[in-house]
Amino acid sequence: MTSLAALRPELPSPVQHIDDERFGRRGVRLVVKRDDLIHPELVGNKWRKLAPNLRAAAGRPVVTFGGAYSNHLRATAAAGRLLGLPTVGVVRGEELADRPLNPSLARCAADGMRLHFVARSAYRRRTDPGTLAAILRAAGAEDAYVVPEGGSNSLAVRGCEELGEELRGRADVVALACGTGGTLAGLAAGLAPGQRALGVPVLRGGFLDGEIRTLQQRAFGGPRGDWSLDDRFHFGGYARTTPELDAFAEAFEQRHGLPVERLYVAKMLYGLATLAEEGAFPRGTTLAAVITGAPFAG
């Protein structure tokens, strides 16, 4: 198995200033934390969450979970190819097994991931020990190392703590888009006193607050850091966009030369621009936006 060090990640990732009048006229300085530049295939928070889990797998096959458009599944499949590690992706929706693979799942398969489709009802119960054992048995992955959906477990949270540590003294507020909450749980723990983490959930449901508290309890034994969520900017839910969001992202790309991933990063940047217009950040605030992913090139 190839070592993670041989993949030569760019750490710490660079911080760049963005001159944008929507923030400047409110007296807010915007910088971006370019986690999208850590590695061309294990992008952003996927590196930070997967790397400690891949070390723990110690060469065993890795099984993980996701929906049909999961960035986490793609990153895990890429890691398997790069490291010479067998991977199994448990995909939500057994009906998808009889359909042509979408570009995201096709990339997973091309990278050597074996896809196993399960009923949505079983997928919802995947954390139940009996259900998990049955899924692993059916997938022929009983001896595999299990990484949860989105990669968010205690190891991942502690890996993302390094993101906060890299941003100490660099910003007053650090914002990022949230899926399963692991990155925010670690980020908040790594920031210095007086810094605040702001999460922009990309899924509907309002469940992340409890998830983040649970993740911090498991990783650190209790709450860490100052963090909050603003759940107004999911644009209908995961993998959903609108013409308004697409237009915003395209204009941001053209203005700043920064590729904007649509399912996470665009929603976060749109949310920050809205919050700035609302006066949510006092004048003199330095706001750091974490670029957790790159646009998917099918």
Side-chain angles (χ1 to χ4, degrees), residues 1-2 4 41-42 45-47 49-157 159 179-182 202-205 207-208 210-211 214-215 218 237-240 263 296 298:
M1 175 181 161
T2 303
L4 283 161
E41 294 189 78
L42 302 183
N45 63 339
K46 301 310 174 191
W47 176 279
K49 293 201 286 187
L50 274 174
N53 277 288
L54 293 169
R55 292 189 191 99
R60 294 158 58 195
V62 171
V63 62
T64 194
F65 301 79
Y69 295 92
S70 169
N71 290 331
H72 169 67
L73 285 183
R74 286 208 313 273
T76 305
R81 172 174 55 79
L82 292 166
L83 298 171
L85 190 69
T87 59
V88 179
V90 178
V91 184
R92 181 179 63 248
E94 64 182 346
E95 73 279 1
L96 300 175
D98 299 322
R99 300 178 187 173
L101 297 179
N102 67 30
S104 186
L105 293 177
R107 175 68 64 84
C108 292
D111 278 341
M113 175 175 274
R114 185 159 55 83
L115 300 175
H116 178 72
F117 298 88
V118 301
R120 294 171 186 271
S121 57
Y123 190 92
R124 284 193 295 271
R125 300 192 304 273
R126 66 192 177 278
T127 57
D128 171 74
T131 302
L132 175 61
I135 290 173
L136 295 178
R137 195 162 49 246
E142 292 173 275
D143 297 325
Y145 179 85
V146 177
V147 178
E149 182 181 53
S152 291
N153 58 11
S154 296
L155 286 176
V157 170
T180 52
V202 301
L203 291 83
R204 293 182 299 173
F207 60 89
L208 266 190
E211 292 289 327
T214 297
L215 285 166
R218 291 173 178 168
Y238 183 69
R240 296 188 180 180
L263 305 187
F296 174 53

> CG/L132 to OG1/T127 distance, rounded to the nearest 0.5 angstrom?
Replying inline: 8.5 Å
>> Less than 4.5 Å apart, side chain to side chain, heavy atoms only: is that true for D143 and R60?
In response: no
>> With a 4.5 Å cut-off on side-chain heavy atoms, are Y145 and L54 touching?
In response: no
> Do any N or O atoms from the side chain of T64 and from the backbone of V147 form a donor-acceptor pair under 3.5 angstrom?
Replying inline: yes
> Quick one: which of T180, N45, T214 gives a side chain to side chain donor-acceptor pair (under 3.5 Å) with S152?
Replying inline: T180
> Quick one: CG on N102 to CZ on R107, what's the gap to the nearest 0.5 Å?
Replying inline: 11.5 Å
> With no hydrogens and no angle check, do the side chains of S104 and R74 hold a donor and an acceptor under 3.5 Å apart?
Replying inline: yes
> What heavy-atom pair brings I135 and A122 nearest, and what distance separates the two atoms?
Replying inline: CD1-O, 4.1 Å
> Is the closest side-chain heavy-atom distance between L85 and P61 below 4.5 Å?
Replying inline: no
> Which distance, rounded to the nearest 0.5 Å, do you find between the CZ of F117 and the CZ of R92?
Replying inline: 12.0 Å
>> Using side chain to side chain contact (heavy atoms under 4.5 Å, CB included), reason through R240 and R204 one step at a time and then give a plain yes or no.
In response: CA-CA 11 Å; R240 296 188 180 180; R204 293 182 299 173; 4.0 Å; yes
> Are any non-hydrogen side-chain atoms of V88 and M113 less than 4.5 angstrom apart?
Replying inline: no
>> Set out, in order, the CA-CA distance, both residues' side-chain angles and the distance that settles side chain to side chain contact (heavy atoms under 4.5 Å, CB included) for L105 and Y69, then state yes or no.
In response: CA-CA 7 Å; L105 293 177; Y69 295 92; over 6 Å; no
>> Quick check: closest heavy atoms across L208 and G179, and the distance to 0.1 Å?
In response: CD2-O, 3.6 Å
> N71 and K46: side chain to side chain contact (heavy atoms under 4.5 Å, CB included), yes or no, with the steps?
Replying inline: CA-CA 8 Å; N71 290 331; K46 301 310 174 191; 3.9 Å; yes
> Roughly how far, to the nearest 0.5 Å, is CZ of R126 from CG of L136?
Replying inline: 12.5 Å
> Roughly how far, to the nearest 0.5 Å, is CG of L4 from CG of L82?
Replying inline: 10.0 Å
> Is there side-chain contact between R55 and N53, with heavy atoms separated by less than 4.5 Å?
Replying inline: no
>> To check you understand the geometry: which heavy-atom pair defines the closest contact between A57 and V62, and what is its length?
In response: CB-CG2, 3.9 Å
>> Is any side-chain heavy atom of V63 closer than 4.5 Å to one of V90?
In response: yes
>> Under a plain distance cut-off of 3.5 Å, with no hydrogens placed, do E149 and Y123 share a side-chain donor-acceptor pair?
In response: yes
> Can you tell me how far NZ of K49 sits from OG1 of T76, rounded to the nearest 0.5 angstrom?
Replying inline: 10.0 Å
>> I need the full list of side chain to side chain donor-acceptor pair (under 3.5 Å) pairs touching residues 131-141, with sequence neighbours left out, sorted by first then second residue.
In response: D128-T131
> Going through the distances and angles, do L115 and L101 end up as a side chain to side chain contact (heavy atoms under 4.5 Å, CB included)?
Replying inline: CA-CA 10 Å; L115 300 175; L101 297 179; 4.1 Å; yes
> Quick one: are L96 and V91 in side-chain contact, heavy atoms under 4.5 Å?
Replying inline: yes
>> Could you check whether atom CZ of R218 has more than 12 heavy atoms from other residues, nucleotides or ligands sitting under 6.0 Å from it?
In response: no
